[in-house]
Protein chains: 2
Amino acid sequence: MTVSDMAPKRGKPRKEMDSEEDGDEYRKKRDRNNMAVKRSRQKSKIKTAETMHRVNTLKSENTILQEKVKTLTKELGFLKELFLAHAGNSADKSKFEDVDLQQLLGEDTPSSDAMK
Amino acid sequence: MTVSDMAPKRGKPRKEMDSEEDGDEYRKKRDRNNMAVKRSRQKSKIKTAETMHRVNTLKSENTILQEKVKTLTKELGFLKELFLAHAGNSADKSKFEDVDLQQLLGEDTPSSDAMK
DNA sequence: TACCATTGCGCAATCC
DNA sequence: TGGATTGCGCAATGGT
């Protein structure tokens with residue numbers, strides 16, 4: 001079985017293609033290409049491994065960040081409840097910007113107990 | 001150039017290896033293997049593409065989560081400052097659990113303006 | 001034109 | 001027994 005027996009090729013069954021006279025030149029060329037192929041494949045494997053590692057790293061970071069968001073959200077909810085509870089008898093909170101405060105209290109905070 | 005010319009082989013230069021008598025059986029086996037190889041490589045390519053996509057998805061999620069953490073941290077810092085400002089003249093905050101509150105106020109909050 | 005890198009493909013060994 | 005993987009070489013092709 002010869003590799004050259006493969007169908008999808010041009011009319012070049014035997015002998016030199018362009019220059020190479022079947023001998024050492026051809027062999028050298030093949031050897032160099034084989035080395036190049038090895039380098040290329042090695043490189044590709046490393047890249048694949050790095051990608052896999054990247055996925056794992058990102059998954060970990062993601063998990064940590066999600067936990068952090070959950071914790072912060074819970075804390076924020078707690079503090080907001082505290083504020084709302086004081087909303088009635090507060091007359092001195094005017095030291096701070098009321099607008100931003102109100103906006104803050106209305107934001108993304110599902111009354112703390114909504115979290116597990 | 002014959003594939004069989006490769007050096008790292010056993011002393012089996014020609015003729016049947018085990019059973020195959022060089023003919024149709026061998027050819028059928030080769031063809032089936034070639035198909036299997038194609039399937040395997042196709043599968044591997046798909047897996048690689050999926051992994052790449054996974055990396056991009058995770059990177060996006062990560063960015064969003066980091067922004068969320070930053071926002072929440074900033075808000076928390078703001079509310080905590082508000083609390084601390086009231087710390088002096090507060091006598092009615094006793095409605096809530098003081099311990100947890102104190103703990104909360106001391107946590108992970110770099111006085112809001114520490115953020116860009 | 002020469003050269004290295006990539007890639008599709010087949011073979012054979014090996015894994016399962 | 002047989003498909004799935006994998007290492008390897010060949011040749012075509014892409015990119016300088």
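- Regarding contacts with the backbone of dG10(C), every side-chain N or O of Y26(B) stays at 4.0 angstrom or more from both OP1 and OP2.
- Other residues, nucleotides and ligands contribute at most 12 non-hydrogen atoms within 6.0 Å of the CZ atom of R54(B).
- Considering CZ of R39(B) and CG of N34(B), their distance stands at 10.5 Å, rounded to 0.5 Å.
- Position along DNA chain C of the nearest nucleotide to R30(B) versus K45(B) favours K45(B) as the more 5'-ward residue.
- At a non-hydrogen distance threshold of 4.0 Å, R32(B), N33(B), A36(B), V37(B), R39(B), S40(B), R41(B), K43(B) from residues 32-43 of chain B come into contact with DNA chain D.
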With side-chain contact (heavy atoms from CB on, under 4.5 Å) as the test, would you mind laying out the steps for L84(A) and E81(A) before giving the verdict?
CA-CA 5 Å; L84(A) 294 177; E81(A) 270 187 42; 5.6 Å; no

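- Atom NZ of K29(B) and atom P of dA12(C) are 10 Å apart (whole Å).
- If you measure from atom CG of D31(A) to atom P of dC4(C), you get 12 Å, rounded to the nearest angstrom.
- Going from atom NZ of K28(A) over to atom P of dC10(D) covers 16 Å, rounded to whole Å.
- Rounding to whole angstrom units, NZ of residue K47(A) and C1' of dT7(C) are separated by 12 Å.
- Counting only heavy atoms from C-beta outward, the side chains of L65(B) and N62(A) approach each other to under 4.5 Å.
- Between K28(A) and D24(A) there is no salt bridge, since no side-chain nitrogen of the basic residue lies less than 4.0 Å from a carboxylate oxygen of the acidic one.
- The shortest distance between side-chain heavy atoms of L72(A) and L76(A) does not fall below 4.5 Å.
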